[in-house]
Amino acid sequence: MGGKKFAVLLCAEDSEYVKKKYGGYFGVFVRMLAEEGETWDVFHVARGEFPDDDDIGSYDGYVITGSCNDAHGNDVWICKLIALLKQLDSLRKKVLGICFGHQVLGRSLGAKIGRSLKGWDIGVTTVHLSSSSSSKLFSSLKMPAVLPVIECHRDEVWELPAKAEVIAWSDRTGIEMFKYGDHMMGIQGHPEYTKDILLHLIDRLLQRNFIVDSIAEEARARVEELEPDREMWKKVCINFLKGRL
C-alpha cells in the first residue's frame with residue numbers, strides 16, 4: 001500500500017530567483033510540508049493545468065498557493081479553480097489555502113472577498129488565535145495566543161459564510177485564518193515564506209509597479225522588526241493537512 005498523495009495547486013509564476021534557490025514555490029511547499037513516503041504533485045492552475053477528473057479523488061489533500069492575481073477576479077482559470085474547490089468540498093478532501101489560496105477558498109464557499117480598506121500588509125504580522133476555536137482545534141499543538149507570520153497581500157476575506165469559523169485575526173486583517181468543517185482551512189499569511197523570499201518579492205512588486213517606494217521601504221523595515229514562528233506554522237499546516245488535529 002502506497003503512502004499518502006498530495007497536490008499543490010500553483011497559482012503563481014515562479015521568479016528565476018525562487019526557481020534557482022528553492023526549486024520554485026512548489027519546492028518551498030514541499031520543503032515545509034512533505035514527509036517520508038508521501039507523493040507530492042504540482043498543477044500549474046494559473047496556466048490552466050488542472051488534475052484530471054478521474055484523479056481528483058486519489059489525492060488525500062490539496063494546497064492552494066499565493067498569487068499576484070486577484071482572488072475576486074473572473075479569469076477563466078480562477079473560475080475553474082473555484083469549481084474544483086467546490087468539488088473538493090463535496091468530497092470532503094483536506095484543502096489548505098494560503099494567501100490568495102485562503103481568499104479563493106473562502107470565495108468558493110460563499111465568502112465575500114475584495115481589497116483591504118487598510119491597503120497592503122507586507123512584513124511580519126502578529127496574528128491572534130481565537131481562544132474559543134483554537135483551544136479545541138490546536139490543543140494538541142500547545143499553541144501560543146499570538147503567532148507572528150510573514151504577510152504580503154492587499155486583498156482579504158471580508159465576511160465568511162455561516163458555517164465557516166474565524167480562528168485568527170490581526171490588527172490589520174479581521175480574518176487571518178478560518179476553518180470550514182474539519183476539511184478546509186485558510187491562512188492569510190505565508191507560513192512557507194522565508195524573510196529572503198519576502199525581501200525578493202518586495203523588489204519584484206516594486207519593479208512591476210504593484211507598490212511604490214514608500215510602501216517598499218516600510219515593508220523592508222517591518223521584515224526586520226519581528227521573527228516569524230515558522231516552526232509552529234509548519235506544525236499547524238502539517239497537522240491540519242494530514243488529519244492530526
Side-chain angles (χ1 to χ4, degrees), residues 7-15 18 24-26 28-29 42-51 53 56 62-90 93 95-122 125 149-161 163-164 166 170 172-180 184-193 197-198 200-212 215-216 219:
V8 173
L9 304 177
L10 190 62
C11 304
E13 291 298 327
D14 292 322
S15 69
V18 171
Y25 287 115
F26 176 60
V28 173
F29 276 102
V42 61
F43 295 94
H44 295 265
V45 294
R47 299 180 196 163
E49 182 185 308
F50 284 80
D53 288 343
I56 288 168
Y62 290 80
V63 180
I64 323 162
T65 73
S67 176
C68 283
N69 290 75
D70 296 328
H72 49 87
N74 290 311
D75 308 59
V76 171
W77 71 269
I78 292 176
C79 295
K80 192 172 178 181
L81 177 59
I82 288 167
L84 172 60
L85 295 176
K86 288 179 177 178
Q87 194 176 350
L88 296 179
D89 177 32
S90 68
K93 290 291 181 182
V95 180
L96 174 64
I98 302 295
C99 196
F100 168 94
H102 158 88
Q103 297 156 13
V104 81
L105 178 61
R107 180 181 173 185
S108 75
L109 298 169
K112 294 177 182 176
I113 65 173
R115 287 278 190 265
S116 168
L117 296 177
K118 295 183 179 178
W120 281 96
D121 183 5
I122 309 176
T125 296
V149 67
I150 288 174
E151 305 247 4
C152 185
H153 66 102
R154 62 174 169 175
D155 294 340
E156 66 178 354
V157 177
W158 290 341
E159 187 182 319
L160 288 168
K163 291 181 182 177
V166 180
S170 71
R172 296 286 290 263
T173 304
I175 303 172
E176 286 281 3
M177 290 177 72
F178 74 85
K179 75 179 183 79
Y180 184 85
M184 293 185 153
M185 185 166 79
I187 300 174
Q188 180 57 73
H190 281 280
E192 81 283 11
Y193 273 13
I197 291 174
L198 180 59
H200 167 72
L201 183 55
I202 291 167
D203 291 341
R204 279 187 81 204
L205 291 171
L206 186 59
Q207 288 163 7
R208 295 170 69 181
N209 297 315
F210 278 101
I211 59 174
V212 295
I215 292 176

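A donor-acceptor distance shorter than 3.5 angstrom exists from the side chain of R107 to the backbone of A71, with no hydrogens or angles considered. The closest donor-acceptor contact from the side chain of T173 to the backbone of E176 lies at 3.5 Å or more, if one exists at all. S116 places no side-chain N or O within 3.5 Å of a backbone atom of R154 that could act as its donor or acceptor partner. Of the possible donor and acceptor atoms, one in the side chain of Y62 sits under 3.5 Å from a partner among the backbone N and O of I56.
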Taking it one step at a time, do L205 and I215 satisfy side-chain contact (heavy atoms from CB on, under 4.5 Å)?
CA-CA 10 Å; L205 291 171; I215 292 176; over 6 Å; no
Applying side-chain contact (heavy atoms from CB on, under 4.5 Å), run through I202 and I211 and close with a yes or a no.
CA-CA 8 Å; I202 291 167; I211 59 174; 4.2 Å; yes
Would you sort out whether H190 and I98 count as a side-chain contact (heavy atoms from CB on, under 4.5 Å), showing the intermediate values?
CA-CA 6 Å; H190 281 280; I98 302 295; 3.8 Å; yes
For H102 and I175, run side-chain contact (heavy atoms from CB on, under 4.5 Å): C-alpha distance rounded to whole Å, both residues' side-chain angles, the deciding distance at 0.1 Å, then the answer.
CA-CA 10 Å; H102 158 88; I175 303 172; 4.2 Å; yes
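How far CG of L117 is from CH2 of W158: 7.0 Å, rounded to the nearest 0.5 Å. Distance CD1/I122 to CZ/R172: 9.0 Å, rounded to 0.5 Å. Atom CG in D121 sits 11.5 Å away from atom CD1 in I150 (nearest 0.5 Å). Within the model, atoms SG of C152 and CG of L198 stand 6.0 Å from one another, a figure rounded to the nearest 0.5 Å. One finds the CG atom of L88 at 5.5 Å from the CE atom of M184 (value rounded to the nearest 0.5 Å).
Taking the six-membered ring where the residue is Trp, W120 and F210 present perpendicular rings, their angle passing 60° and hence far from 30°.
Counting heavy atoms from C-beta on, the side chains of P51 and L84 come closer than 4.5 Å. Between L96 and F29, every side-chain heavy-atom pair lies at or beyond the 4.5 Å cut-off. Side-chain contact check for R208 versus C68: some heavy-atom pair is nearer than 4.5 Å. No side-chain heavy atom of I113 sits under 4.5 Å from any side-chain heavy atom of D155. At least one side-chain heavy atom of I64 sits less than 4.5 Å from a side-chain heavy atom of L85. Taking 4.5 Å as the limit, every side-chain heavy atom of Y180 sits out of range of all side-chain heavy atoms of S108. V42 has its side chain out of reach of Y25: every pair of non-hydrogen atoms, C-beta onward, lies at least 4.5 Å apart.
Nearest heavy atoms, C99 versus G66: CB-CA, 4.3 Å. The two residues P161 and G110 have their closest heavy-atom pair at CD-C, 4.2 Å. The two atoms that bring V45 and C11 nearest to each other are CG2-SG, 3.7 Å, heavy atoms only. Scanning both residues, A111 and V157, for their nearest heavy atoms gives CB-CG1, 4.0 Å. In terms of heavy-atom proximity, F43 sits nearest to F50 at CD2-C, 3.7 Å. When all heavy atoms of A12 and S67 are compared, the pair lying nearest together is CB-CA, 4.1 Å.
For residues 78-89, every residue pair satisfying the side chain to side chain donor-acceptor pair (under 3.5 Å) rule, not counting sequence neighbours, is listed here: D89-H183. Applying the salt bridge (charged side-chain N to carboxylate O under 4.0 Å, His left out) test to pairs two or more places apart or on separate chains, those with a residue in residues 67-76 are D70-R115.
For F26 and H44, the gap between ring centers reaches or exceeds 6.0 Å.
Considering H72, E156, Q188 as possible partners of Q103, the one that fulfils the side chain to side chain donor-acceptor pair (under 3.5 Å) test is Q188.
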